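Have a look at the structure below before the remarks.
In this text the structure is predicted, and so the values were computed from the model without any measurement.
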Amino acid sequence: MTVTDLGRFLTARRARLSPDDVGLLSHGRRRVAGLRREEVAVLAGVSADYYTRLEQGRERAPSASVLDGIARALDLGPEAREHLFRLADVALGDRPFTPDRVDDELRDLLAEWPHLPAVIVNRRLDLLARNPIAAALYSDFTATDNLARMTFLDPVGRIFFTDWERSARACVAHLRLALGHQPGDRRTLALTEELTTADDDFRRLWEQHDVRGKTREAKTFKHSAVGEMTLTYRAFDVRGASGQQLIVYRAAPDTRDADAVRLLGMLARTAAANTPSGAGQREVIMDCGNGATDR
């Protein structure tokens, strides 16, 4: 019997947990630290014999569903889960569903960027969080819960996005990508049904089956208070939050676009000054994956 790297990893992670950590009652005296193999097996939904063979290196072909069960049983975080899949030589596929909540430290980071509009979106293009200057950027819209709704359903969208067709195509391609990751996601399916029913252009573009995520490019916006501005943006995946992306906009230095962004900053500060003390920042940096605001 040859213990594999996978077996060593499972043994070490099992030893780090106590029954209390995973909600199990402890019976009898324990000869070794951590969970017993049969306890991990119960939590993972596999037989004790199968788990033992996996840990001892006698089973070398676990399925992705078995590995997901073991990852849950051993309370593995996203990176440890990925490591488990790599050790087992199993394709990772998509990460488990992550609630649409933005990490508090990331929200604080957004607030510390007063001169760069920055937002957090998920695969469904929900605006999960935004900093004050990004709130000013989108202030022409009636609602700012989802970029696809803003593009197709709010009349402002066809003015704000000066190359509306390009922005619309990007939204549709992004939603196609979202369903590729999570085909059965009810909220994404409901959103696409809503847009298909409400807008002829969405139906036309949806039938083209383009698939593309956000990376980097330039967009020109037309804001009612500051006029047109061309901003580049970069999209960064948020580690530990599957599907979330941080999008940061910037203008070229010493341009009219940079002047427009400075005006947005002034609008943001004015809005904060007119908001009751302590409420302003919470209002513009919020979780809104379900469309709820925190006013």
Charged N to carboxylate O below 4.0 Å: is that the case for Arg204 and Glu165?
yes

Closest non-hydrogen atom pair between Ala268 and Ala136, with its separation:
N-CB, 4.1 Å

For Glu39 and Arg36, indicate whether the former's side chain and the latter's backbone hold a donor-acceptor pair under 3.5 Å.
yes

Closest non-hydrogen atom pair between Pro62 and Tyr50, with its separation
CA-OH, 3.3 Å

Judged by atom type as modelled, is there a donor-acceptor pair below 3.5 Å linking the side chain of Asn122 to the main-chain atoms of Gly243?
no

Strictly below 4.0 Å, N to O, side chains only: are Arg256 and Asp259 in salt-bridge contact?
no

Steps toward side chain to side chain contact (heavy atoms under 4.5 Å, CB included) verdict (Arg158, Asp201):
CA-CA 12 Å; Arg158 295 177 187 257; Asp201 285 315; 3.1 Å; yes

Whether Asn146 side chain and Arg124 backbone form a donor-acceptor pair below 3.5 Å
yes

Quick one: do Val42 and Leu10 end up in the same hydrophobic cluster if we chain Ile, Leu, Val, Met, Phe, Trp and Tyr together by side-chain heavy atoms under 4.5 Å apart?
no

Would you say Ile159 ends up clustered with Phe202 if hydrophobic residues are merged whenever their side chains have heavy atoms under 4.5 Å apart, either directly or through other cluster members?
no

Answer yes or no: is there a side-chain heavy-atom contact under 4.5 Å between Arg234 and Leu246?
no

Taking everything shown except Asp254 itself, do over 12 heavy atoms lie less than 6.0 Å from its CG?
no

Would you kindly confirm whether Val261 and Met266 end up in one hydrophobic cluster when ILVMFWY residues are joined by side chain heavy atoms under 4.5 Å apart?
yes

Give a yes or no on whether the backbone of Ala170 and the side-chain of Asp210 come within a donor-acceptor separation of less than 3.5 Å.
no

For Leu137 and Pro117, work out which heavy atoms get closest and say how close.
CD2-CB, 4.3 Å

Identify the heavy atoms of Tyr51 and Ala41 that sit nearest to each other, and give their distance.
CB-CB, 4.0 Å

Short side-chain donor-acceptor distance under 3.5 Å, Gln245 and Asp237
yes

Checking the side chain of Thr162 only, and the main-chain atoms of Thr220 only, is there a donor and an acceptor separated by less than 3.5 Å?
yes

Glu55-Thr11 side chain donor-acceptor pair, cut-off 3.5 Å
yes

With sequence neighbours left out, the residues meeting side-chain contact (heavy atoms from CB on, under 4.5 Å) with Glu194 are Arg149, Leu153, Leu191

Got a donor-acceptor contact below 3.5 angstrom from the Asp199 side chain to the Leu195 backbone?
no

Would you find more than 12 non-hydrogen atoms of other residues, nucleotides or ligands less than 6.0 Å from Gln208 atom CD?
yes

Thr230 backbone acceptor or donor facing Asp257 side chain under 3.5 Å
yes

Inspect the contact between Arg53 and Asp49 and indicate whether a charged nitrogen and a carboxylate oxygen are less than 4.0 angstrom apart.
yes

May I ask you to decide whether Arg169 forms a salt bridge with Asp163, counting only side-chain N to carboxylate O separations under 4.0 Å?
no

Are the ring centres of Trp206 and Phe152 closer than 6.0 Å?
no

Taking CG in Asp89 as the centre, count heavy atoms belonging to other residues, nucleotides or ligands within less than 6.0 Å. Is the count above 12?
no

Exercise: identify the closest heavy-atom pair between Leu264 and Met229
CD1-SD, 3.8 Å

Looking at His223, is its backbone amide N or carbonyl O close enough to the side chain of Asp140 to form a donor-acceptor pair, meaning the two atoms are under 3.5 Å apart?
no

Side-chain ion pair, Arg166 and Glu217, N-O less than 4.0 Å
yes

Is the cationic atom of Arg81 (NZ for Lys, CZ for Arg) positioned less than 6.0 Å from the six-membered ring centroid of Phe85 and within 45 degrees of its normal?
yes

According to the interplanar angle, ranging from 0 to 90°, do the rings of Phe160 and Tyr138 count as parallel (below 30°), tilted (30 to 60°) or perpendicular (above 60°)?
tilted

